[in-house]
Amino acid sequence: MSTIAADQPSAAPSPVEAALAGLPRVVDLLAARAEEHDRDATFPYQGIEAVHEAGLLTLTVDRRYGGPGGTLADTVQVLSQLGRGDASVAVVTAFTLLQHAEQARTANWPTAGYRRLLTESRRGPALVNTLRVEPGARSGEPPATVARWDGTGWRLTGRKTYCTGAEALAWMAVTARTDEPEPRTGTFLVRGESEGLEVDPTWDQLGLRASASHDVVLDGVRVPAELALGLNPSKGGAGRGASGAAARSAAAAAPDATGAVPAAELARAWHDLALSAVAVGVARSAQDWLVRFLHQRTPANLTEPLGSLPRYRGALGEIETQLIGAEELVHGLAPRVDRAEPDAVARTGPAHLLATRAAIAAVQQAVSLTGNPGLSRRHPLERYLRDVLSSRVHLAPDEAVLEAAGRAALERGARP
């Protein structure tokens, strides 16, 4: 029998495979510090560093820029695992991965600016996020943040809220409108260390406490002309309300004239599934803790652990079933979105809603099964509950998603 095949060295792993191989170690590191950062509401710099060193923070940098070229399917796999370790780190990572993925699809960033970001990413973690949300803003309104032309560049003034990772962002993609007679709306790339930029530590929420989702205040922050992207006439924008969700559903269901799914809809689909994966990862950690509890807990009136009782096994089976459904939904849609299938893109909004509901229900049931221990700060289950409940901040209102899904169903039914 020939031994040639056995003697041949195995092929070197791809950059994506190499990054994924480091996931278990990173998750363990995150889990070891998650309680501390949650308690003190401190930013998990070491956790982000671990994600970066494993090559996960730049997983979605396109191959043409020298990156691994990670897909949405790869991304949801990573984020679901990071969510098991520390939901705050997972959410911060998600928004940076989404930025690189959008650049891979659209090349919106100017070449020099993106090259600078990649250079910074080789030196250490370079976090990026889009800053859209403003205090008191209504769906469909142009941004209140104003960009004024100073003769050679733009000066940004305004306040953004819920800016995930605010204190550690290397770059911020800030939406703003110009003060021109006919205002234009665009995205302005702002360095996190810019003069006139201040992080207002407003984030003091129930969960995701280490995500540093503070307000960012801009007071005449200068942005070079070449870092102002997509300046278009201000017509408002699809927000997170019912009208925005309905517009999103209709757009996703109807490709443009070339048959391609609009870039904005692909971006939203990535967002939906990426944040769904984090929530499901948190729920899986809650289930893991519950399983250990059921194996170890033997009440005084029993001779066997709780896990031996049919009632608890059935309840655990209910949790398992919910999470299997959520995982199959998210991980099943992701490769279809990678192939830009219009039907799959249109379904990611409802998928986000269903996966988040399943994750929340699973953790709530775990808490219910464990009683007082599940609500004790001595155990992580109550943190998982707070984190998974807070994941709803990244989800459009239920009524908006449901109204959009209903509208799409009516439109399908009206077609000949």
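Between the side chains of Thr202 and His214, no donor N or O sits under 3.5 Å from an acceptor N or O. Using a 3.5 Å distance cut-off with no hydrogens or angles, the side chains of Trp171 and Gln99 do not pair a donor with an acceptor. Under the 3.5 Å distance criterion, with hydrogens and angles disregarded, no donor-acceptor pair is assigned to the side chains of Ser285 and Asp288. Looking only at atom types and distance, the side chain of Thr58 has no donor-acceptor partner in the side chain of Ser121 under 3.5 Å away. Defined by atom type and a distance below 3.5 Å, a donor-acceptor pair is missing between the side-chain atoms of Arg191 and Ser194. Using modelled atom types and a 3.5 Å distance limit, the side chains of Glu318 and Gln365 yield no donor-acceptor pair.
Counting heavy atoms from C-beta on, the side chains of Leu57 and Leu97 never come closer than 4.5 Å. In this structure the side chain of Met172 never reaches within 4.5 angstrom of the side chain of Cys163, judged on heavy atoms. Between Arg383 and Arg209, the closest side-chain pair of non-hydrogen atoms is not below 4.5 Å. Side-chain contact between Asp272 and Arg268: present, with at least one pair of heavy atoms (C-beta onward) separated by less than 4.5 Å. You'll find the side chain of Glu102 stays beyond 4.5 Å of the side chain of Leu266, heavy atoms only. Using a 4.5 Å heavy-atom cutoff, the side chains of Arg386 and Asp38 are in contact.
The backbone N or O of Thr157 sits nowhere less than 3.5 Å from a side-chain atom of Asp219 that would complete a donor-acceptor pair. Lys160 places a side-chain N or O within 3.5 Å of a backbone atom of Thr175 that can act as its donor or acceptor partner. At least one donor-acceptor pair closer than 3.5 Å links the side chain of Gln103 to the backbone N or O of Trp109. Although no hydrogens or angles enter the test, the distance criterion places a donor-acceptor pair under 3.5 Å between the side chain of Asp86 and the main chain of Ser88. A donor-acceptor pair under 3.5 Å is absent between the side-chain atoms of Ser368 and the main chain of Gln364, judged by distance alone. Ser14 places a side-chain N or O within donor-acceptor distance of the main-chain N or O of Glu17, the cut-off being under 3.5 Å. In this structure, the side chain of Ser213 does not engage the main chain of Tyr162 through any donor-acceptor pair within 3.5 Å. In this structure, Thr370 contributes its side chain and Pro373 its backbone to no donor-acceptor pair below 3.5 Å. Checking side-chain atoms of Asp387 against main-chain N and O of Leu208 turns up a donor-acceptor pair under 3.5 Å. Between the side chain of Ser80 and the backbone N or O of Gln77 there is at least one donor-acceptor pair closer than 3.5 Å.
Contact check on Arg392 versus Asp398 returns a salt bridge, with a Lys/Arg side-chain nitrogen under 4.0 Å from an Asp/Glu carboxylate oxygen. Remark: Arg407 does not engage Glu411 in a salt bridge, criterion side-chain N to carboxylate O under 4.0 Å.
For Arg132, the CZ atom sits in a loose shell: 12 or fewer heavy atoms of surrounding residues, nucleotides or ligands are nearer than 6.0 Å. More than 12 heavy atoms of other residues, nucleotides or ligands sit less than 6.0 Å from atom CZ of Arg313. Within a 6.0 Å sphere centred on CD of Glu328, other residues, nucleotides and ligands contribute 12 heavy atoms or fewer. Heavy-atom contacts from other residues, nucleotides or ligands closer than 6.0 Å to CZ of Arg336 number more than 12. Within 6.0 Å of atom OH in Tyr114, more than 12 heavy atoms from other residues, nucleotides or ligands are found, so the atom counts as buried in its surroundings. Counting heavy-atom neighbours within 6.0 Å of Arg64 CZ, excluding the residue itself, gives a total above 12. Within 6.0 Å of CZ on Arg105 lie more than 12 heavy atoms contributed by other residues, nucleotides or ligands. Crowding of Asn372 atom CG: a count of heavy atoms from other residues, nucleotides or ligands under 6.0 Å not exceeding 12.
Closest heavy-atom contact between Pro125 and Ile48: CB-CG2, 3.7 Å. Residue Leu294 comes nearest to Pro305 through the heavy atom pair O-CB, 3.3 Å, listed as atom of the first residue, atom of the second, then distance. Here the shortest heavy-atom pairing between Trp203 and Ser211 reads NE1-OG, 3.4 Å. Minimum interatomic distance between Leu229 and Asn108 (heavy atoms only, all atoms of both residues): CD2-O, 3.6 Å. For Leu82 against Leu30, the heavy-atom pair with the smallest separation is CD2-CD1, 3.8 Å. Between Thr161 and Glu134, the shortest heavy-atom contact is CG2-C, 3.9 Å.
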Going through the checks in order, is the ring-ring contact (aromatic ring centres under 6.0 Å, His included) test met by Phe95 and His100? CA-CA 9 Å; Phe95 287 112; His100 287 303; over 10 Å; no

Side chain to side chain contact (heavy atoms under 4.5 Å, CB included) for Thr164 and His394? Distances and angles first, verdict last. CA-CA 10 Å; Thr164 299; His394 302 119; 4.1 Å; yes

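In this structure, Arg222 fails the cation-pi test against Trp154, since its NZ or CZ atom is not both closer than 6.0 Å to the six-membered ring centre and inside 45 degrees of the ring normal. The cationic group of Arg284 does not satisfy the cation-pi geometry with Trp289, failing either the under 6.0 Å distance to the six-membered ring centre or the 45° limit from the ring axis.
Separation of atoms CD1 (Ile324) and CG (Leu329) is listed at 13.5 Å; rounding is to 0.5 Å.
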